[in-house]
Asker: 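Got a structure for you, written out below as structure tokens; questions coming shortly.
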Amino acid sequence: MKALEKLLLKNDELKFVCVGLDSDLTKIPQYLLSETEPIFEFNRNIVEATKEFAAAYKINFAFYEALGQKGFEIIEKTLEFIPDDILTIADAKRGDIGNTSEMYAKSVFEHFGFDAITLHPYMGKDSLQPFLNYKDKLNFILALTSNPGSIDFEKQILKDGTFLYQRIISLTTDWNIDKNCGIVFGATNLDELKTNINSFSDLSVLLPGVGAQGGSFEDVLKVFHGQNRKNFIVNISRGIIYLSSEKDFGQLAEKEIQRLNEIAKQIFS
């Protein structure tokens, strides 16, 4: 199944939550540290508790690369545990030139078998083309992020009076020939979301920033519903996976994602 099909099918079920597996040894329940593979056991419990309700899972490479070879093995085992009909995103923010980019794409899409990846566009289309060549995948290109530093580059005004992030959205729309492009748009930028959503065309949208960073799940959904639009997912990491430091962390994760899905049903039904 194509990555876009997986996303749209979950959206049709009114599932918009992407569970971020930013799994950190210093934050998972301490009792898991006695396990042979504590991070995998944590991920397994989270996926088991949320897979019926999740639209996607996003694995942040930083938390796994820091563990060396073992981290890559955990990524592989976690992916095997995620149901095939749920979108998997490699949050790796790749973007380089020539053979380097080709190898990054081969690693994420062929070796690991992810459905999607996050990319940065700073080096131009040729740095992203190796990823775009995978027509059945999804490529979420950074447009406007949730961090304070987004003002340093993303919100710089160009000669024509538009912002750099708006130029990125425009170019990404042009590159979306095979319907395998999307954008990353921070959920904390609600005013900008309202202003720019009409320019998204048929791009898929990944929205981080809900919860700990201050974004509102309900407000984001209302913006998309107001445009009669789906084709998006809202990433939530800490607000789902770290609700307890005890053995009930999976149960609380399940309750929270069910609560979020109920909000979605109320808005879109």
Side-chain angles (χ1 to χ4, degrees), residues 1-13 15-21 54-61 75 79 82-145 154 165-186 193 196-208 224 227 229-235:
M1 186 186 300
K2 290 184 178 181
L4 180 58
E5 292 175 356
K6 292 185 181 183
L7 174 60
L8 294 177
L9 284 172
K10 294 301 179 184
N11 284 174
D12 285 342
E13 296 173 3
K15 296 175 182 176
F16 301 99
V17 178
C18 172
V19 178
L21 294 173
Y57 290 95
K58 181 171 71 65
I59 293 179
N60 191 320
F61 267 45
I75 291 176
L79 287 171
I82 295 173
D84 290 339
D85 65 335
I86 300 180
L87 188 77
T88 56
I89 306 169
D91 190 3
K93 298 180 179 69
R94 302 300 192 213
D96 209 324
I97 57 174
N99 290 337
T100 305
S101 199
E102 290 179 9
M103 293 300 105
Y104 277 140
K106 186 173 182 179
S107 169
V108 167
F109 291 147
E110 296 186 31
H111 173 73
F112 288 106
F114 278 94
D115 298 308
I117 188 171
T118 56
L119 302 170
H120 70 76
Y122 185 77
M123 297 178 72
K125 186 185 179 185
D126 62 314
S127 68
L128 305 183
Q129 191 61 55
F131 298 92
L132 302 183
N133 289 339
Y134 288 82
K135 297 181 181 180
D136 291 345
K137 304 296 185 177
L138 269 177
N139 300 281
F140 291 102
I141 297 168
L142 299 178
L144 183 59
T145 53
E154 297 165 10
Y165 78 83
Q166 292 174 323
R167 175 65 173 160
I168 293 170
I169 294 170
S170 176
L171 285 173
T172 304
T173 299
D174 293 342
W175 300 338
N176 196 26
I177 297 171
D178 295 308
K179 310 304 179 188
N180 64 345
C181 289
I183 55 171
V184 176
F185 202 100
L193 179 62
N196 291 276
I197 192 169
N198 286 330
S199 69
F200 293 176
S201 185
D202 54 0
L203 295 173
S204 302
V205 188
L206 169 62
L207 299 110
F224 280 87
Q227 297 294 320
R229 178 193 173 103
K230 295 178 184 176
N231 197 17
F232 72 95
I233 43 176
V234 180
N235 182 76

Asker: Could you tell me which non-hydrogen atom of A54 sits nearest to which non-hydrogen atom of V19, and how far apart they are?
Answerer: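 Taking every non-hydrogen atom into account, CB-CG2, 4.1 Å.
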Asker: Checking side-chain contact (heavy atoms from CB on, under 4.5 Å) for the pair L7/L138: CA distance, chi angles, key distance, verdict?
Answerer: CA-CA 10 Å; L7 174 60; L138 269 177; 4.2 Å; yes
Asker: Do side-chain atoms of T118 reach the backbone of A92 as a donor and acceptor pair under 3.5 angstrom?
Answerer: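 Flag set: sc T118 to bb A92 pair under 3.5 Å.
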Asker: Centroid-to-centroid, F224 to F16, below 6.0 Å?
Answerer: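 Ring centres of F16 and F224 not closer than 6.0 Å.
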Asker: So, taking the atom named CD1 in I168 and the one named OH in Y122, what distance separates them when rounded to the nearest 0.5 Å?
Answerer: 11.0 Å
Asker: Less than 4.0 angstrom from a charged side-chain N to a carboxylate O is my criterion; do D91 and K93 meet it?
Answerer: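 Salt bridge: yes.
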Asker: Could you state the interatomic distance from CG (L206) to CD1 (I141), rounded to the nearest 0.5 Å?
Answerer: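 Answer for the CG-CD1 pair, L206 versus I141, is 12.0 Å.
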Asker: State whether the side chain of T173 and the backbone N or O of I169 hold a donor-acceptor pair below 3.5 Å, judged by distance alone.
Answerer: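 Between the backbone of I169 and the side chain of T173 there is a qualifying donor-acceptor contact (under 3.5 Å).
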Asker: Working note: L171 + K125, criterion side-chain contact (heavy atoms from CB on, under 4.5 Å); need CA distance, chi angles, decisive distance, verdict.
Answerer: CA-CA 9 Å; L171 285 173; K125 186 185 179 185; over 6 Å; no
Asker: For F112 versus L79, what's the shortest heavy-atom pair and its separation?
Answerer: O-CD1, 3.3 Å
Asker: Identify the heavy atoms of I183 and A143 that sit nearest to each other, and give their distance.
Answerer: CB-CB, 4.2 Å
Asker: Sub-3.5 Å donor-acceptor pair from the side chain of N176 to the main-chain atoms of C181, do we have one?
Answerer: yes
Asker: What is the minimum heavy-atom distance between K15 and A55, and which atoms define it?
Answerer: O-CB, 3.3 Å
Asker: If you draw a 6.0 Å radius around CG in D84, do more than 12 non-hydrogen atoms from other residues or ligands fall strictly inside?
Answerer: no
Asker: Taking atom CG of N60 and atom CD1 of I75, what is their separation to the nearest 0.5 Å?
Answerer: 9.5 Å
Asker: Could you work out, with salt bridge (charged side-chain N to carboxylate O under 4.0 Å, His left out) as the rule, every residue matching K137, not counting sequence neighbours?
Answerer: none
Asker: Side-chain contact, heavy-atom cut-off 4.5 Å: L193 with L207?
Answerer: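 Sidechains of L207 and L193: in contact.
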Asker: Measure the spacing between CH2 of W175 and CG of L203 and express it to the nearest 0.5 Å.
Answerer: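 These two atoms lie 11.0 Å from each other.
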Asker: Answer yes or no: is there a donor N or O on one side and an acceptor on the other, between the side chain of T88 and the main chain of F114, under 3.5 Å?
Answerer: no
Asker: Is it true that a side-chain atom of D126 and a backbone atom of I97 form a donor plus acceptor pair closer than 3.5 Å?
Answerer: no
Asker: Please determine whether side-chain contact (heavy atoms from CB on, under 4.5 Å) holds for the pair L87 and K10, giving the CA-CA distance in whole Å, both sets of side-chain angles, and the decisive distance to 0.1 Å.
Answerer: CA-CA 9 Å; L87 188 77; K10 294 301 179 184; over 6 Å; no
Asker: Within this structure, what is the CG-CD distance for the pair D115 and E5, rounded to the nearest 0.5 Å?
Answerer: 11.0 Å
Asker: Please name the pair of heavy atoms, one in F61 and one in V108, separated by the smallest distance, quoted to 0.1 Å.
Answerer: CZ-CG2, 4.4 Å
Asker: Check for a donor-acceptor pair, side chain of N11 on one end and backbone N or O of F232 on the other, with a separation under 3.5 Å.
Answerer: yes
Asker: Does K2 have more than 12 heavy atoms from other residues, nucleotides or ligands lying within 6.0 Å of its NZ?
Answerer: no
Asker: Looking at R229, I'd like to know if its CZ atom is crowded, meaning that more than 12 non-hydrogen atoms belonging to other residues, nucleotides or ligands lie closer than 6.0 Å.
Answerer: yes
Asker: Show your working on side-chain contact (heavy atoms from CB on, under 4.5 Å) between N231 and V205 and close with a plain yes or no.
Answerer: CA-CA 7 Å; N231 197 17; V205 188; over 6 Å; no
Asker: For K179, check side-chain hydrogen bond (donor to acceptor under 3.5 Å, both in side chains) against everything at least two apart and list the hits.
Answerer: D202
Asker: Could you grab the distance from atom CG of N133 to atom NZ of K106, nearest 0.5 Å is fine?
Answerer: 14.0 Å
Asker: Might you work through the side-chain hydrogen bond (donor to acceptor under 3.5 Å, both in side chains) test for D96 and S101, ending with a clear yes or no?
Answerer: CA-CA 5 Å; D96 209 324; S101 199; over 6 Å; no
Asker: Tell me if a side-chain donor or acceptor on N180 pairs with a main-chain N or O of Y134 at a distance below 3.5 Å.
Answerer: yes
Asker: Given side chains that start at C-beta, do those of N198 and Q227 come closer than 4.5 Å, heavy atoms only?
Answerer: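 In contact.
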Asker: Provide the closest heavy-atom pair for P130 versus G98 in the form atom of the first, atom of the second, distance.
Answerer: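 Heavy atoms only, the tightest pair is CG-O, 4.4 Å.
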